[in-house]
Protein chains: 2
Amino acid sequence: MANTDGPTRERISITAYELLKEKGVSGLSMRALADRLHIKAPSLYKHVADKDEIIADLQARGLREFGEAIKKAGKSRKAKALAYRKWALGNPHLYEITVSIPLLRDRIPPGLEDGVTKMIIEITGKDHAHARAVWALMHGLVDLEIAGRFPKDADLDLTWKRAIAMIGKA
Amino acid sequence: MANTDGPTRERISITAYELLKEKGVSGLSMRALADRLHIKAPSLYKHVADKDEIIADLQARGLREFGEAIKKAGKSRKAKALAYRKWALGNPHLYEITVSIPLLRDRIPPGLEDGVTKMIIEITGKDHAHARAVWALMHGLVDLEIAGRFPKDADLDLTWKRAIAMIGKA
DNA sequence: ATTTCAGGCTAACACTGTTAGCAAGGGAGA
DNA sequence: TCTCCCTTGCTAACAGTGTTAGCCTGAAAT
């Protein structure tokens, strides 16, 4: 071994997260990740089966942190909704890799996804169908905002206000 | 010239669309596109500046066809909403490249995007903020459905019903 | 007939994920 | 202590991506 303290699986995970935060999904390459760990790209495969394992890792982290952020927020639907927006916009790359990319269900800890889904259902306090519609509304808002699909002069605070009104009344 | 009838810009556009329909966004490579046109990849650059020009082309087509589909639908909000879903699910790859990828605003015909936006505003019959919330709701539903984020046993027809109820009441 | 040029071509570069095969060092067992 | 093995690094390489440089050829225009 050339290096006495090689990268553990944990360090790889943390470094991947830092790289994602700084460079986004497209900047998360195996070579860039290896560089930060001061090893060569092929050596990563001694710790990890493939890139999907790293992505699954980040998706799990995203689900976990997102879940905590929502849990911490005030109890009202409005507070939860605004927490959703705040978290997603504060962690756009993590949000993207967690929600805008096919979820690697087989490779994340079981129950994680269900936990988040159930939490959304509890917040809305209605049936699954309603909860899914609410989730879709919030996801759509965030996705379009991150993707820059709304015009620059769009009043998104007002848009969220309208969206929250829609949730409350139906 | 080896071939007497080389690919025109129009043929490139059509072939790219066919390729997208069949192979999806990830299958739309310059080499695969060139193959279908019976030329080599570098020759494409005699007709097109870069791949983004082709993507912008498809985004414009997506906006156009999507706009027509919504226009054709029944006048009720419900009919429009269901037309949105139907079109998106019927043209998932075109929907993805049009909406789930950053829009190349500088390279699509001016007014196209605004036209679609205005149409949505007209349908909702309220202010811009409300229209954007409605759009986000529909986009979120479709995006999550295409991405396979809803469980297999989810009743999505019911979810859309709830969503449409939300639109109507707020 | 000569020239110009559109539109093909091959070779190549930098990047992506990934595999094969080699080497060196540390830890475990005899 | 010696030896073996296994972990974990390495380089070279492959197939794929978008893209550029430079060459060649046939058709059209002067």
Side-chain angles (χ1 to χ4, degrees), chain A residues 1-59 93 96-97 100-104 106-108, chain B residues 1-59 93 96-97 100-104 106-108:
Chain A
M1 209 199 309
N3 232 335
T4 38
D5 48 346
T8 57
R9 185 56 222 280
E10 184 65 16
R11 274 192 60 206
I12 291 177
S13 178
I14 293 169
T15 308
Y17 175 46
E18 290 168 356
L19 184 57
L20 175 71
K21 265 197 294 188
E22 290 174 34
K23 306 286 179 183
V25 176
S26 69
L28 182 69
S29 76
M30 296 301 267
R31 282 172 178 84
L33 177 57
D35 275 357
R36 293 213 170 190
L37 294 161
H38 306 108
I39 60 175
K40 303 297 173 185
S43 302
L44 278 172
Y45 292 82
K46 292 291 157 79
H47 304 271
V48 147
D50 51 22
K51 191 184 178 181
D52 274 358
E53 189 172 321
I54 290 167
I55 292 175
D57 219 272
L58 291 165
Q59 291 184 326
H93 302 310
E96 182 184 357
I97 212 168
S100 299
I101 276 183
L103 186 66
L104 301 169
D106 299 342
R107 312 181 75 162
I108 63 169
Chain B
M1 210 202 305
N3 231 336
T4 39
D5 48 345
T8 57
R9 184 56 222 279
E10 183 65 15
R11 275 192 60 208
I12 291 178
S13 178
I14 292 169
T15 308
Y17 176 45
E18 290 169 358
L19 185 57
L20 175 71
K21 265 197 295 190
E22 290 175 35
K23 305 287 178 182
V25 176
S26 69
L28 181 69
S29 76
M30 296 301 268
R31 282 172 178 84
L33 177 56
D35 274 356
R36 293 213 171 191
L37 293 161
H38 305 108
I39 60 176
K40 304 297 174 186
S43 302
L44 278 172
Y45 292 82
K46 290 293 158 80
H47 304 272
V48 146
D50 51 21
K51 192 184 178 183
D52 274 358
E53 188 172 321
I54 290 166
I55 292 176
D57 219 272
L58 292 165
Q59 290 184 327
H93 301 310
E96 182 184 356
I97 212 169
S100 298
I101 276 182
L103 186 66
L104 302 169
D106 300 341
R107 312 182 74 161
I108 63 170

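Every chain is numbered from 1 and lettered A, B, ... according to where its sequence line falls, protein lines coming before strand lines. Computed from a predicted structure; not experimentally measured.
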Fill in the blank from the handout: To the nearest angstrom, the NZ-C1' distance between B:Lys40 and D:dG22 comes to 18 Å
Problem - Intermediate values then yes/no, side chain to side chain contact (heavy atoms under 4.5 Å, CB included), A:Asp57 and A:Ile12 - result: CA-CA 10 Å; A:Asp57 219 272; A:Ile12 291 177; over 6 Å; no
Handout entry: Over all atoms of both residues, closest heavy-atom pair of A:Lys51 and A:Ser29
Key = NZ-CA, 4.4 Å
Fill in the blank from the handout: In whole angstroms, the gap separating P of D:dT11 from CG of A:Leu44 amounts to 14 Å
Practice task
Could you check A:His47 against A:Ile54 for side chain to side chain contact (heavy atoms under 4.5 Å, CB included), going step by step and ending with a plain yes or no?
Solution key: CA-CA 10 Å; A:His47 304 271; A:Ile54 290 167; over 6 Å; no
Problem - Exercise: identify the closest heavy-atom pair between B:Ala34 and B:Lys40 - result: CB-C, 3.6 Å
Under 3.5 Å, which protein N or O atoms sit close to an N or O of nucleotides 18-21 of chain C? Give each pair with its distance.
from: C:dT18; atom 1: OP2; to: A:Tyr45; atom 2: OH; distance (Å): 2.8
from: C:dT18; atom 1: OP2; to: A:Lys51; atom 2: N; distance (Å): 2.8
from: C:dT18; atom 1: O5'; to: A:Tyr45; atom 2: OH; distance (Å): 3.3
from: C:dT18; atom 1: O4; to: A:Arg31; atom 2: NH2; distance (Å): 3.4

Practice task
Please report the shortest heavy-atom distance between A:Gln59 and A:Leu104, naming the atom on each side.
Solution key: OE1-N, 3.0 Å
Problem - Phosphate OP1/OP2 of C:dG8 contacted by B:His47 side-chain N/O (<4.0 Å) - result: yes
Exercise for the section: May I ask you to say what B:Ser43 touches in the nucleic acid, namely base, sugar-phosphate or nothing, with a heavy-atom cut-off under 4.0 Å? Expected result: base
Problem - Electrostatic pair A:Arg11:A:Glu18 at N-O distance under 4.0 angstrom - result: no
Handout entry: Length of the NE2-P vector between A:His38 and D:dT8, whole Å
Key = 19 Å
Handout entry: Whole-Å gap separating C1' (D:dT8) and CZ (A:Arg11)
Key = 14 Å
Exercise for the section: Describe the nucleic acid contact of A:Leu28 in one word from base, sugar-phosphate, nothing, applying a heavy-atom distance below 4.0 Å. Expected result: sugar-phosphate
